[in-house]
Amino acid sequence: MLEIRVPDLGDFDEVEVVEILVAKGDRIDIDDTLVSIESDKATMEIPSTAVGVVVELHVVEGDRVSEGSLLVVLDVLAADVITQPDGPGESTAPSEPDPDRVMLEPADEVSDRPAGDVSGAPSVDRVERTDYGRELSTEAANPVVDRADLIHASPLVRRYARELGVPLAQTDGTGNHGRVLIDDLRRHVRGRFAGGAAERGGSRLAIAPMPAVDHAAFGPVTEQKLTRIQKVSGSALQRSWLNVPHVTQHDEADVTLLERFRRDCREQASERGLKLSPLLFVMKAVVIALNEYPSFRASLSSEGDQLVIKEYFHLGIAVDTDQGLVVPVIRDVDRKGIFELASELNATAERARGRKLSPEDLKGACFTISSLGGIGGTAFTPIVNAPEVAILGLSKTRVHPVWRGPSPLDLLDERESNGFGEAAATAPGHFEPRLVLPFSLSYDHRVIDGALAARFTTRLSRLLSDPRQLLL
Ligand code: CAO
C-alpha cells in the first residue's frame with residue numbers, strides 16, 4: 001500500500017481541494033492526476049507516484065489540506081513505484097512538488113494583492129469579498145475590496161459564482177448564518193436578468209449569462225474540456241475586460257535599421273546558441289519608454305484613489321502553450337543585455353510550455369508584451385493584464401512603401417499649375433520599401449489618457465526606428 005500525501009506547499013497552508021479526479025477502485029498510472037488543490041495564488045495537480053488501484057480516498061472537494069495531509073491510499077504494483085525520498089512504495093512522507101504540475105493564475109492574480117492578503121487561502125467556509133465578476137457600475141470604476149465583510153459560501157458555490165460572474169456579496173444567502181447556496185445564485189441571476197432592462201437606464205449594467213444552446217440539435221458536436229490554465233486565465237481576462245475601460249492605440253515603427261542590426265548580430269548570437277527575435281529589442285525599447293512615462297508601469301491602489309508606480313522594470317511576456325496562455329515575468333529587463341534576455345526568454349518560454357513555471361515566475365510584472373509577430377496579423381487589441389495598466393501587442397513585420405521626396409501637397413500644387421499633367425521632373429520622388437513593425441497598445445483609460453498613450457507609442461516607434469537610441 002502507498003499513502004499519497006500533500007507535498008511541501010511552500011508558504012501555503014490549509015489549501016482547498018477543488019477537484020478529485022479519481023474514485024475508489026480506479027486503476028491509475030504514474031503521473032495520473034489524483035486531486036487538484038488551489039490556493040488564492042496557484043493551482044497544483046497532485047499526481048500519482050505509482051501504478052496501482054485506489055483503495056482509500058481521504059478527501060472530498062472543498063476539504064482543506066496542508067503539507068502531509070493524506071489524500072489517497074494505493075494498492076501498488078511495486079515495480080512501478082517512483083522512488084521517493086524515503087524509499088519506494090512505502091513512503092508516508094510528502095512527495096516533492098512536481099513542477100510539471102504547477103499551474104498558476106496569471107500574474108495579475110498574484111502580484112498586487114494588498115499586504116495581509118498574501119497569507120494563503122481563506123479559512124473554511126469563509127470567503128472574503130472579491131471583485132471577481134464585479135458588475136459594471138460606477139463603483140466598479142474604482143473597485144474597492146471590502147475586506148472586513150466576510151461571506152459564508154462553499155468552494156463549489158464560490159466557483160459557480162465566479163463562472164456566472166455573480167458577486168457573492170450581492171447575493172442574499174438563505175442558508176445557515178446567511179450562507180449563499182447554489183439556488184441563491186440562480187435566483188440572483190434570474191432576478192438580475194428580469195430587472196436588467198429597467199436597470200440599464202441607471203448606473204448599473206446587469207450582464208445576463210449566455211443562454212444555453214443545444215448545439216447537437218443542429219448537427220454532430222464533440223466536446224473538449226477547457227484546461228485549468230484556460231479556465232484560470234479566462235476568468236482573469238474576463239474580469240479585466242469588464243473592470244478596465246480599455247482603449248487600444250495602434251502604431252508602427254520603421255524597423256529597417258533595427259532588422260539590419262539584428263541580422264548582423266545573428267552570427268554572434270548563434271555562437272552562443274541563441275536566436276534574436278525582434279521581441280528582445282522591443283523589450284529594451286519598452287523599458288526606456290516606461291522609464292520616461294511612469295504611469296505605464298503603475299497600478300491603481302486597492303482603494304482606486306492613487307497610483308502605485310513600480311520603480312522596477314519587470315516585463316510579463318505572454319507565452320502561447322498547448323494548455324493555454326501564460327504570462328511569465330522577465331525581471332530587471334533594464335539591467336540585462338540582449339543576449340542575456342534572449343537566453344532567459346527562451347528558457348522561460350520552454351519552462352512555460354513544459355508546465356514547469358513556479359509561482360514566482362508569474363509575479364510582479366509592471367507591464368506586459370504579447371507578441372504575435374512570429375505568427376501573423378496586422379493589429380489586434382490585447383487585454384490589459386490587470387492590475388497592470390497597459391499591454392503592448394506586436395504584430396508581424398511587413399514591407400511597407402514609404403514616400404521619399406517632396407510633400408504630396410507640393411506635388412499636387414505643381415500638377416495643378418501644369419494643368420493636371422505629369423509631375424515636373426524637378427520634383428522627383430520615389431517610394432522606398434521599408435520594414436515596418438505594427439504594434440498595438442491597450443491601456444486602462446482611468447489611468448492613462450489618449451494623448452499620453454499616443455506620446456508613448458510615438459516614443460516607442462522612434463526608439464525602434466533607430467537602434468542606436470536603445471544604447472543611450
Ligand atoms: N515580425 C516578423 N517576424 C517575427 C516577429 C515580428 N514581429 N516576431 C518574431 N518573429 C519571427 C522570429 O524572428 C522567429 O523567426 P525565425 O524562426 O526565422 O528565427 C519566428 O518569428 C518565431 O518567433 P518566436 O515566436 O519563436 O519568438 P519571439 O521571441 O518573437 O516570441 C514568445 C516568443 C514566447 C512570446 C512566442 O513564442 C509566443 O508564445 N507568442 C504568442 C503570445 C500570445 O499567444 N499572445 C497572445 C495573447 S492575447 O491572447
Side-chain angles (χ1 to χ4, degrees), residues 106-108 226-227 229-230 232-238 240-241 244 246 248 250-256 258-270 272-286 315-330 333 336 338-357 361-362 365 367-386 388 390-400 434-442 460-461 464-465:
D108 73 292
L226 290 183
T227 65
I229 288 182
Q230 284 175 314
V232 171
S233 64
S235 108
L237 288 165
Q238 184 175 26
S240 175
W241 183 251
V244 175
H246 280 73
T248 302
H250 300 290
D251 207 336
E252 57 189 23
D254 180 338
V255 290
T256 314
L258 181 62
E259 282 295 284
R260 187 175 63 184
F261 179 56
R262 189 168 76 91
R263 185 197 60 193
D264 293 348
C265 296
R266 199 184 293 156
E267 204 172 312
Q268 262 179 293
S270 73
R272 292 168 161 81
L274 300 170
K275 268 178 150 183
L276 302 184
S277 78
L279 171 60
L280 301 161
F281 298 89
V282 174
M283 288 167 74
K284 291 303 283 184
V286 160
L315 298 184
I317 303 293
V319 177
D320 176 38
T321 78
D322 61 0
Q323 295 289 304
L325 179 70
V326 284
V327 188
V329 178
I330 306 289
V333 175
K336 293 174 181 163
I338 292 285
F339 288 137
E340 190 179 354
L341 286 176
S343 159
E344 195 173 332
L345 180 62
N346 193 30
T348 306
E350 259 178 38
R351 276 188 295 130
R353 289 178 177 137
R355 301 167 72 187
K356 290 185 173 150
L357 292 174
D361 289 321
L362 301 174
F367 183 93
T368 289
I369 304 178
S370 173
S371 175
L372 295 177
I375 304 170
T378 54
F380 64 110
T381 54
I383 296 179
V384 170
N385 194 14
E388 294 156 35
I391 180 169
L392 184 72
L394 303 180
S395 297
K396 194 174 179 66
T397 302
R398 65 173 194 277
V399 179
H400 185 73
R434 304 291 292 182
L435 290 167
V436 166
L437 170 67
F439 57 87
S440 310
L441 177 87
S442 293
L460 203 53
S461 174
L464 291 168
S465 301

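Just so it is clear, the structure is predicted and the values come from calculations on it, not from any experiment. Atoms within each ligand, like the ligands themselves, are counted from 1 in listed order.
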Look at the side chain of [X] and the backbone N and O of [Y], then say whether any donor-acceptor pair between them is shorter than 3.5 Å.
X: S240; Y: N385; value: no
X: Q323; Y: Q230; value: no
X: S270; Y: E267; value: yes

Provide, to 0.1 Å, the distance between [atom] and the closest protein heavy atom, together with that atom's residue and name.
atom: atom 44 (O) of ligand 1; result: D320 CB, 3.5 Å
atom: atom 45 (N) of ligand 1; result: S370 OG, 2.8 Å
atom: atom 11 (C) of ligand 1; result: G374 CA, 4.0 Å
atom: atom 43 (C) of ligand 1; result: L372 CD2, 3.6 Å
atom: atom 18 (O) of ligand 1; result: K275 NZ, 4.8 Å
atom: atom 41 (C) of ligand 1; result: S371 O, 3.3 Å
atom: atom 33 (C) of ligand 1; result: L279 CD2, 4.0 Å
atom: atom 30 (O) of ligand 1; result: S277 OG, 3.4 Å

Completion exercise
Contact region, R262 to ligand 1, non-hydrogen atoms below 4.0 Å, reads side chain
Practice task
With heavy atoms only and a cut-off of under 4.0 Å, state how L325 meets ligand 1: side chain, backbone, both or neither.
Solution key: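 Side chain only.
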Exercise for the section: Closest by any non-hydrogen atom to atom 32 (C) of ligand 1: pick that one out of A318, G324, S233, S395. Expected result: A318
Measuring to protein heavy atoms, does anything land under 4.0 Å from [atom]?
atom: atom 7 (N) of ligand 1; value: yes
atom: atom 3 (N) of ligand 1; value: yes
atom: atom 14 (C) of ligand 1; value: no

Handout entry: Salt-bridge criterion met for R262 and E259 (N-O under 4.0 Å)
Key =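 Counted as a salt bridge, because a side-chain N and a carboxylate O are separated by less than 4.0 Å.
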Problem - Ion pair R351/D361, N-O distance below 4.0 Å - result: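 Yes.
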Consider ligand 1: state whether an atom of it lies below 4.0 angstrom from any non-hydrogen atom of [X].
X: P382; answer: no
X: R353; answer: yes
X: E259; answer: no
X: L437; answer: yes

Problem - L394 CG to L279 CG distance, which is reported to the nearest 0.5 Å - result: 6.0 Å
Practice task
Could you tell me whether K396 and ligand 1 have an N or O pair separated by under 3.5 Å?
Solution key: no
Practice task
Using a strict cut-off of 4.0 Å, indicate which atoms of ligand 1 neighbour a heavy atom of T397.
Solution key: 1 (N), 2 (C), 6 (C), 7 (N)
Handout entry: Atoms of ligand 1 close to V319 [distance to a heavy atom under 4.0 angstrom, numbered from 1]
Key = 34 (C), 39 (O)
Problem - F261 atom CZ: more than 12 heavy-atom contacts under 6.0 Å - result: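 Count not over threshold, so no.
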Handout entry: Side-chain donor-acceptor pair present, T248, T381, cut-off under 3.5 Å
Key =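 Judged by distance alone, the side chains do not pair up.
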Handout entry: Set of residues satisfying ring pair (Phe, Tyr, Trp, His ring centres under 6.0 Å) with respect to H246, sequence neighbours excluded
Key = W241
Problem - Sub-4.5 Å side-chain heavy-atom contact between P438 and R398 - result: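 They are in contact (side-chain heavy atoms under 4.5 Å apart), so the answer is yes.
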Handout entry: Any H400 side-chain heavy atom under 4.5 Å of L435 side chain
Key =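 They are not in side-chain contact.
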Practice task
List the atom of A365, the atom of V329, and the distance in Å for their closest heavy-atom pair.
Solution key: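 It is CB-CG2, 3.8 Å.
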Fill in the blank from the handout: So side chain to side chain donor-acceptor pair (under 3.5 Å) across residues 339-349, not counting sequence neighbours, yields K336-E344
